[in-house]
Q: 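Structure incoming, see below.
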Amino acid sequence: MYVPPVASALQRAAAAGRRLAASWAGSPRALDVLTALSCLGLMALDLPGLAAADNSLNGPMAAAVLAAGCCSLVVRRRLPWVSYLTALVFIGWLHELTLIQFALYSVGRYRGRRPALLATLGYIAFALAVFSVPGWPEPHAHTLSAFLSLVVPIGVLASAVGIAAYRHDLVAELAARRAEAAVFQAVEQERTSVARDVHDFVGRELTLLTVRSEVLSARARETAYAKDFEELADTARRAHLVLNEIIVQRGERASTPGVEGLAALAEESGRAGSPVRLALDPQAHGLSPLRQAAVYRVVQECLTNAAKHAGGETIDVSIEADGPRLRIAVSNGLPVRTPARAPVSAGSGTASMSERVRSLGGTLTATRTQDSYTVVATLPRG
């Protein structure tokens, strides 16, 4: 289909505009520009008064000066003192108190409590000095008390809101770092657990291989294959030593159970008040020990999460072989009413499960709907 050049150019311009809007939407720079425009809009309401009170500025010149001053808010995150000093100039020259509110807020928001307090005190002291100049701040206030009742609340309120926002940002950042650290710790613990399982299961097979190779080497001692069996036994011993050196065990623990332990898990969950319907494909018993350990851990974590967030709801556990892959699905209903008190949870269980499944070449997805929560994991059988 033929598209006229003009229409094509308009489509490209519209697409570029949408991309620009998407990149700017919610960005800090867009918020700073919006803040500057908001400040300019508030100060524009006083343009007639500024032109009448200050003979050096006419209407257009006053608008240009105010616009230039508001541009300092664009750099308020990196350089909040620029907008602060500009606001002080506006107080002494144009008797304008709007910009100082945005400036004090910016200092408190992006520099913290101490700089905000110093900025507020400096603003009040500067305003008092300007107040002593004859002819100002009339007609806004005729007495010192009236002047202070206008100037002090403006500065204190703006700084207080900025400091509160600064503390909120700190708390949010701390919470995000704690959550990230918890997920990282869970992943590291799961990696350690997988490494231990590798040591338990692969180490056992290497031990059997070593013993069997030594037996065969002894039997073939007088034959032409004796040297080959000795080299095989030495290779098995070296592989076992390398495995022990790579996987440093910290403390003793029992090996992770396999699929034979799922029935006990289901019974334990039922005694805790969350009945389990377990459907286990017999082919799962033929999986390698590592994959059986992964199945056990995934189901165990899912049952724990269900007990925390949906206690009393029936949990459906399905483990079935689907061609070359094994599919693990755990689903539970969600309570109609939200618990009055949130359950204690580190929020890292899903990350731990994902790490174990991913280490074996599988995938894991968690889906939450209005009335159910489902975790599906797939593992290669081979």
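By convention here, the first residue in the shown sequence is residue 1. Worth saying up front: this structure is predicted, and the values here are computed from it rather than measured.
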Q: For the residue pair S274 and S269, what are the closest heavy atoms and their distance?
A: O-OG, 2.7 Å

Q: For the residue pair V317 and L303, establish whether any side-chain heavy-atom pair is separated by less than 4.5 Å.
A: yes

Q: For residues R325 and G362, report the shortest heavy-atom separation together with the two atoms involved.
A: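 Looks like NH2-CA, 3.9 Å.
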
Q: Under the side chain to side chain contact (heavy atoms under 4.5 Å, CB included) criterion, do L326 and R291 qualify, and how do the steps go?
A: CA-CA 9 Å; L326 185 78; R291 282 165 174 75; over 6 Å; no

Q: Flag the pair H285 / L280 as yes when at least one side-chain heavy-atom distance between them is below 4.5 Å, and no otherwise.
A: yes

Q: After noting the C-alpha distance and the side-chain angles of L262 and V295, does the key distance pass the side chain to side chain contact (heavy atoms under 4.5 Å, CB included) rule?
A: CA-CA 9 Å; L262 296 179; V295 172; 4.2 Å; yes

Q: Answer whether the closest heavy-atom distance between the side chains of F90 and I100 falls below 4.5 Å.
A: no

Q: Compare all side-chain heavy atoms of M43 with those of V65 and state whether any distance is below 4.5 angstrom.
A: no

Q: Is there a side-chain contact between Q101 and C39, using heavy atoms and a 4.5 Å cut-off?
A: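 When only atoms from C-beta onward are counted, C39 and Q101 do not touch, as no gap falls below 4.5 Å.
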
Q: Could you check V298, V299, N305, T304 and say which one makes a side-chain contact (heavy atoms from CB on, under 4.5 Å) with C302?
A: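 Considering V298, V299, N305, T304, a side-chain contact (heavy atoms from CB on, under 4.5 Å) with C302 is found only for V298.
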
Q: Tell me whether L121 shares a hydrophobic cluster with L157, the cluster being built from Ile, Leu, Val, Met, Phe, Trp, Tyr side chains joined at under 4.5 Å.
A: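 Cluster IDs for L121 and L157 differ.
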
Q: Run the side-chain contact (heavy atoms from CB on, under 4.5 Å) test against L79 and tell me which residues pass, sequence neighbours left out.
A: V75, V82

Q: Is there a donor in the side chain of T314 and an acceptor in the side chain of D316, or the other way round, less than 3.5 Å apart?
A: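 No pair is found: no donor N or O on one side chain lies under 3.5 Å from an acceptor on the other.
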
Q: Of the non-hydrogen atoms in A294 and L379, which two are nearest, and what is the gap between them?
A: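 Nearest heavy atoms, A294 then L379: CB-CD1, 4.0 Å.
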
Q: Assess whether side chain to side chain contact (heavy atoms under 4.5 Å, CB included) is satisfied between D371 and E313, documenting all intermediate values.
A: CA-CA 11 Å; D371 55 359; E313 299 290 334; over 6 Å; no

Q: Apply side-chain contact (heavy atoms from CB on, under 4.5 Å) to D169 and list each qualifying residue two or more places apart in sequence or on a separate chain.
A: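 D169 satisfies side-chain contact (heavy atoms from CB on, under 4.5 Å) with R109 only.
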
Q: Same cluster or not: are V74 and L42 linked, directly or through other Ile, Leu, Val, Met, Phe, Trp or Tyr residues, by side-chain heavy atoms under 4.5 angstrom apart?
A: no

Q: Report the hydrophobic cluster partners of V89, with the cluster defined as I, L, V, M, F, W, Y residues connected by side-chain heavy atoms closer than 4.5 angstrom, directly or transitively.
A: none

Q: Do S106 and S83 have side-chain atoms, one donor and one acceptor, less than 3.5 Å apart?
A: no

Q: Could you report the tightest heavy-atom contact between G258 and Y296, atom names first, then the distance?
A: O-CD1, 3.5 Å

Q: Of all the heavy-atom pairs spanning N332 and I315, show the shortest one and how long it is.
A: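 Scanning both residues completely, I find the closest heavy atoms to be CB-CG1, 4.0 Å.
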
Q: So, do Y123 and F126 sit near enough that their side-chain heavy atoms are less than 4.5 Å apart?
A: no

Q: Quick one: are L73 and D32 in side-chain contact, heavy atoms under 4.5 Å?
A: no

Q: Below 4.5 Å, heavy atoms only, C-beta onward: do R358 and L364 meet side chain to side chain?
A: no

Q: Check the side chains of T374 and S331 for a donor-acceptor pair under 3.5 angstrom, ignoring hydrogens and angles.
A: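 Indeed, the side chains of S331 and T374 share at least one donor-acceptor pair under 3.5 Å.
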
